[in-house]
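Worksheet: the structure to be examined is printed underneath.
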Amino acid sequence: MTIIAIDGPAAAGKGTLARRLAAALGFDYLDTGLIYRAVGMGLARAGQDPADPALAEAAARALTPEALGAGDLRGDDAAQAASKVAAIPGVRAALLDFQRRFAAHPPGGRGAVLDGRDIGTVVCPAAEVKMFVDASVEKRAERRLKELQAAGRGGIYADVLADMKERDDRDRNRSVAPLKPAEGALLLDTSDLDADQAFAAALSHLREKG
Ligand code: C5P
């Protein structure tokens, strides 16, 4: 089974790249951020604190695949709640099995592309292909602002940038599974690449790997 592990910070372009690679190869795709978002928002919706370790771990253990389909998981509230539950070791441990099962037994049976923060380092360290997709925080904030505007939600650049920095900081400095490139990962800086160029660079890396 071939596993492609793609990690990187928010809005670096890893989701777009992961989806395109999965479609091109006929692999299944798992957006692992959505799992943390579902756990975080489940608590927030119930008026509970996503940073509470006991509550968050219980919510992670009780997570069902259906919860990943909730309509409010793409917004910034979900992103902030996700990064809070994601810093709790018991939550990460509870979600490992779900991710590893998907990687080892993707529904289509051909291969899996997973994206997140710790796929190459923790979830699938033996993945055949690893990539770390990054871009400057200013470029990532610009992209996120454009996405928000396209969705008719507006936003202020300074606020988006501050949110992005806060989440980066939490993800990079947490004690368990901090965001960092896996050993042997292709480093792909998309600050000056569009989605087509990033896809082309990833494909040529795949070809080199055979
Ligand atoms: O990728 P996305 O922005 O949806 O992820 C939301 C949050 O979930 C991240 O900021 C991070 O805190 C957490 N996350 C994680 N490990 C992953 C995927 C996401 O810690 N593999």
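It should be emphasised that the depicted structure is a prediction, and the values quoted were computed from it without experimental measurement. Counting begins at 1 with the first residue of the sequence.
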Side-chain ion pair, D118 and R92, N-O less than 4.0 Å: yes
If only atom types and distance count, is the side chain of T190 paired as donor or acceptor with the main-chain N or O of A12 below 3.5 Å? yes
With sequence neighbours excluded, tell me which residues meet side-chain contact (heavy atoms from CB on, under 4.5 Å) with K180. T121
For the CZ atom of F98 and the CG atom of L68, what is their distance to the nearest 0.5 Å? 5.5 Å
I'd like to know if the side chain of T2 reaches the main chain of G111, judged simply by a donor and an acceptor atom lying under 3.5 Å from each other, with no hydrogens or angles considered. no
Are more than 12 heavy atoms, taken from residues, nucleotides or ligands other than I156, located less than 6.0 Å from that residue's CD1 atom? no
Sole residue of E166, R174, R167, R117 in side chain to side chain contact (heavy atoms under 4.5 Å, CB included) with S83: R167
Using modelled atom types and a 3.5 Å cut-off, is there a donor and acceptor pairing between side-chain atoms of R37 and backbone atoms of G75? yes
CD of Q80 to CG of D163: how many Å apart, nearest 0.5 Å? 5.0 Å
Close side-chain approach of D72 to D77, heavy-atom, < 4.5 Å: no
The single option from L55, V39, D52 that satisfies side chain to side chain contact (heavy atoms under 4.5 Å, CB included) with V85 is V39
I'd like to know if the side chain of K139 reaches the main chain of S191, judged simply by a donor and an acceptor atom lying under 3.5 Å from each other, with no hydrogens or angles considered. yes
Does some side-chain heavy atom of D115 sit less than 4.5 Å from a side-chain heavy atom of L17? no
Taking the side chain as every heavy atom from C-beta outward, state whether D134 and L187 have any pair of such atoms under 4.5 Å apart. no
Between I4 and Y29, is any pair of side-chain heavy atoms under 4.5 Å apart? no
For the backbone of G120 and the side chain of D7, can you confirm whether one donor and one acceptor N or O come within less than 3.5 Å of each other? yes
Among the clusters formed by ILVMFWY side chains lying less than 4.5 Å apart, do I6 and I3 turn up in the same one? no
Heavy atoms, side chains only, cut-off 4.5 Å: are Y157 and E138 in contact? yes
Do the side chain of R100 and the main chain of V123 share a donor and acceptor less than 3.5 angstrom apart? yes
For a 4.5 angstrom cut-off between non-hydrogen side-chain atoms, does K84 reach R170? yes
Should D31 and R74 count as an ion pair when the cut-off is N to O under 4.0 Å? yes
Taking C-beta and beyond as the side chain, do Q99 and I119 meet within less than 4.5 Å on heavy atoms? yes
Do L25 and L188 belong together in a cluster built from hydrophobic side chains that touch within less than 4.5 Å? yes
Taking the side chain as everything from C-beta on, heavy atoms only, tell me whether D171 gets closer than 4.5 Å to P9. no
With sequence neighbours excluded, residues passing side-chain contact (heavy atoms from CB on, under 4.5 Å) with A94: A60, R61
